[in-house]
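Below is one structure; the comments refer to it alone.
None of the values given here were measured: they were computed from a predicted structure.
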Amino acid sequence: MSARKTSMTAFLLHSSMAEHCFVKAKAAPAGQKMLFWRCREWYSGDSKNHCRMCQTKGVTTMSDLRVRFAPSPTGYLHVGGARTALFNWLLARHRGGTFILRIEDTDVERSTQESVDAILEGMKWLGLDWDEGPFFQSEYFPLYKEYVQKLVAAGKAYKCYCTAEELDTKRNLAMAEGRKPKYDGTCRDGAVQPENQPYVIRFRAPQGGATSFDDLIKGTITFPNDELDDLIIQRSDGTPTYNFCVVIDDATMQITTVIRGDDHVNNTPRQVQLYEALDFPVPQFAHVPMILGADKARLSKRHGATSVIAYRDMGYLPEALLNYLVRLGWSNGDDEIFSIEEMIDKFDISNVGRSASVFNTEKLNWLNAHYIKNSDPQRLAALLLPHLTTRGVSTLDGPDLAAVVKTLQERAQTLEEMAERALFYYRAPSGYDEAALAKFDKELLLAVFAAVIEKLSASSAADVAAVDALFKEICSENSWKMGQVGQPVRIALSGGTHAPGIGEIVVTLGGEETVRRIRAAREFVAGK
RNA sequence: GUCCCCUUCGUCUAGCCUGGCCCAGGACACCGCCCUUUCACGGCGGCGACACCGGUUCAAAUCCGGUAGGGGACGCCA
C-alpha cells in the first residue's frame, strides 16, 4: 500500500491474467465488449490483456477505488453488518483504495446516539479503521434538499398529497387482491394541488422498459420498470428518504463500488434510475449474500447473540471473529486460517459466493481456540482480566496472570471459559470433587499427600520439567502409578479434575501455596 | 400475491467461466482409535453432499430448459 498515485497504464498491464480473466460477452450491454470472469466486470476495449480488477501482488496500484460502510444507527453493530464492513475494508486495503464510514441517520425518529457509539465501538474493536468520516447524513439535509429541488424543477419529481392512511389502504387492498402494491400515480400528473396541505415529493420513475445493472457478485440483474413505482424522496416533514440520500451521498462522495447486503438489490434499480435522472455516473454494485440463523431465517436476536460487542464480552478475540466472518461467503481455495495481512492480500470480490450462509458458532469457537493458542500470554492476560474481575477475583495476591494463561491456552475456547478455569489459581478449593476422590483409598491418599508434601518441601524445583521429574521419583520410590499420584494432587490443588498438568499447576501456584493446599486436602481426607 | 436472488456433506466451502483429472476435495461438528497423570492439545481413520426432472454430449456438479424448495423486497425504515 505504498504508491498513492498511479497512471491508468498500471491497470492495463497484466498479461498473465489474459487467459482466465477475460471471456467474450454473450449479451454485452451497449458499448461493452467483454466480461472479465473473475471480477465480472465489463470492459469496452479490445485488448485481451486488460483487467483492472484482477490484479495480483505484482501490480500494486493505488487505485481510485472508494468504498463505504453505511450503517443506520438504530441498533448495535451486528455480525452481518460487521462482515459487510469487513469486505469493504478489505477491498479498500487490498487495492489501496479509500474506506469511508457513513452513518445513515435520516430517520430522525429511530436513530440514536447510543447506536452510533455502539457501532463505532464495534468497528474499533474489530480494527476496521476508516479513512474518511464518520459522516452523518443528518448533517447534509440542505444538500439533499437542493437535489430534490433540482429534480422537481426538471419535472423529474413531483409533489404528492396522498396521505399515509390512503396509501396504506390502497396497499392492503392491492395485496389482498393479489396485485403488486405499488403507488397508483394519483398525483403523478398533477391532478389536484390543494393549498396548505402536507405533501411528500416523489420521483417520477420512467415507465416501460427495464432497468438493469451488473452486479459484481450476482451478475446482471434486470427489473422491468413496471415493477418500480414512484418512490418518495422527501417526507412530508421535509426530510429526505434513504433511497435518495444513498444516491446523493455515494455520488458526491465519489463511491466507485457499493458493497452492501443483498437485501438491497431491490433498491438498486430505483437508485440507478436516480443516478441517471441526476446525471451521476452509476457506481459498481456488489451485493453480498445474507447471513442466516441455524433455521436458515434471517439472523436476528432470537438466534442468540448477534452484536459484535456481545462476542467481545463472551470472550472472543477480534481476529477470530474477523477470520470467521471473512470465510462466510468468501473463500480462497481450501484455506481456513487468515491473519489480517493474509486477508488483505488475498481478498477480492471475485471470490465472494452468491448464496446465503448460516452462522455457526461451533466453527467460530474453533477459530477462537486457535487464536487463543497462538496469542501472546501477556496480551491474553490483559484481555482476560475483566472476565476475572466480573467474577469477583483479584489477581493481585495470586500467581502472575500471564503464567496462569500459559497453562490454559490449550484448554479454552473463549476467554470466559479461560476465566472459569483460572479461578482455582486465585481461590483455594472450598470443596473437593468427591466422586473423583472416591476412586482412591483413604490410605493411599494420605500416603500420597504426605510423600508429595515431603518431596516438595525439600525440593527447589522451579520449572515444569523439574516438578514432573519429582513426581516420577515419588511414583517409582513408592511403586505408585502416575494416575494414583497426579489425580489426587490435582484434586487437592484445584478441587476437581479439569485442570492443567500437575507440573504446570505446581510451578504456577508456587511451592508454598501448593504445600498449603495439599495439607488442607490431607486434613479433609483424614477427617472423613 | 408480484418481482428479484439463491440451491455441492448437518454447517462453512473448493470445483462450475474453459464438460473428462470429481462414483466430488478441504474445514467445523460428530463417531472411533492412538498419545496421555485429569481436562485439553495433537495424530490417524470414519460418517456424510452435486435439490429434482428433462435436454445437449462419447462424457455434465460443470452447458441449456423446466419444476420444487429457500431467502429477499414490495414503508413518509434503512
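Set against rA40(B), rG75(B), rG72(B), the side chain of Arg171(A) has rG75(B) as its closest nucleotide. With rU7(B), rA78(B), rC3(B) as the choices, the nucleotide that has an atom nearest any side-chain atom of Ser355(A) turns out to be rU7(B). The side chain of Asp334(A) lies closest to rG26(B) when the candidates are rG26(B), rG72(B), rU38(B). Taking every side-chain heavy atom of Met290(A) into account, rG72(B) is the closest of rA78(B), rC74(B), rG72(B). Of all nucleotides listed (rC74(B), rU11(B), rA73(B)), rU11(B) comes nearest to the side chain of Val358(A). Closest approach to the Gln487(A) side chain among rU37(B), rA73(B), rA27(B) is made by rU37(B) (side chain taken as heavy atoms from C-beta onward). Ranking rU13(B), rA78(B), rC4(B) by closeness to the Ile221(A) side chain, first place goes to rC4(B). With distances taken from any side-chain atom of Arg327(A) to the nucleotides rU13(B), rA78(B), rC6(B), the minimum falls on rU13(B). Of the listed nucleotides (rC41(B), rA29(B), rU13(B)), rA29(B) has the atom at the smallest distance from the side chain of Trp366(A). Picking from rC41(B), rC12(B), rA78(B) the nucleotide with the shortest atom distance to the side chain of Asp107(A) gives rA78(B).
Of all nucleotides present, only rA73(B) satisfies the Watson-Crick or G-U wobble test against rU2(B), with each distance under 3.5 Å. Base pairing of rG32(B): its partner is rC44(B), meeting the Watson-Crick or G-U wobble criterion (both donor-acceptor distances under 3.5 Å). Remark: rU7(B) base-pairs with rA68(B). Criterion, Watson-Crick or G-U wobble with two distances under 3.5 Å. The base-pairing partner of rA14(B), taking Watson-Crick or G-U wobble contacts with both distances under 3.5 Å, does not exist among the strands shown. In this structure, rA24(B) forms no base pair with any nucleotide, since neither Watson-Crick nor G-U wobble geometry is met with both distances under 3.5 Å. Pairing of rC63(B), defined by two Watson-Crick or G-U wobble distances under 3.5 Å, is identified with rG55(B).
Note: Phe213(A) and Phe223(A) have parallel aromatic rings, judged against thresholds of 30 and 60 degrees for the angle between ring planes. Relative ring orientation between Phe87(A) and Phe347(A) is described as tilted, the plane-to-plane angle lying within the 30° to 60° band.
Side-chain to base pairing of Arg110(A) with rC77(B): one donor and one acceptor N or O lie within less than 3.5 Å of each other. Counting distance only, with no hydrogens placed and no angle test, the side-chain atoms of Arg490(A) and the base atoms of rU37(B) include a donor-acceptor pair under 3.5 Å. Counting distance only, with no hydrogens placed and no angle test, the side-chain atoms of Asp263(A) and the base atoms of rA78(B) include no donor-acceptor pair under 3.5 Å. You won't find any donor-acceptor pair under 3.5 Å spanning the side chain of Thr497(A) and the base of rC39(B), going by distance alone.
If you check every strand for non-hydrogen atoms under 4.0 Å, Glu336(A) touches a base. Note on Gly261(A): nothing from the nucleic acid sits closer than 4.0 angstrom, heavy atoms only. Residue Ser236(A) is in base contact, counting any heavy-atom pair closer than 4.0 Å across all strands shown. Contact annotation for Asp237(A): no contact, since no heavy-atom pair falls under 4.0 Å across all strands. At the heavy-atom level, Ile502(A) lies under 4.0 Å from base atoms of the strands shown. Nucleic acid contact for Lys481(A): none, since no nucleic acid atom lies under 4.0 Å from a heavy atom of the residue. Among the heavy atoms of the strands, none lies under 4.0 Å from Pro289(A).
Looking at Asp230(A) and Arg204(A), no side-chain N of the basic residue comes within less than 4.0 Å of a carboxylate O on the acidic one, giving no salt bridge. A salt bridge links Arg270(A) to Asp229(A): one of the charged nitrogens lies within less than 4.0 Å of a carboxylate oxygen.
Residue Thr106(A) has a polar side-chain atom (N or O) positioned under 4.0 Å from OP1 or OP2 of rA78(B). Regarding contacts with the backbone of rC77(B), a side-chain N or O of Arg235(A) is found under 4.0 angstrom from either OP1 or OP2.
In this structure, CD1 in Ile221(A) is found 9.5 Å from OG in Ser212(A), a value given to the nearest 0.5 Å.
Residue order along RNA chain B, read from the 5' end via each residue's closest nucleotide, puts Glu227(A) first among His264(A) and Glu227(A). Map Asp262(A) and Ile232(A) each onto its nearest nucleotide of RNA chain B; the residue landing nearer the 5' end is Asp262(A).
Scanning for ring pair (Phe, Tyr, Trp, His ring centres under 6.0 Å) contacts around Tyr425(A) gives an empty result, with sequence neighbours left out.
Between the side chains of Thr268(A) and His287(A), a donor-acceptor pair is found at a separation under 3.5 Å.
One C1' atom belongs to rC63(B), the other to rG43(B), and the distance between them is 43 Å to the nearest Å.
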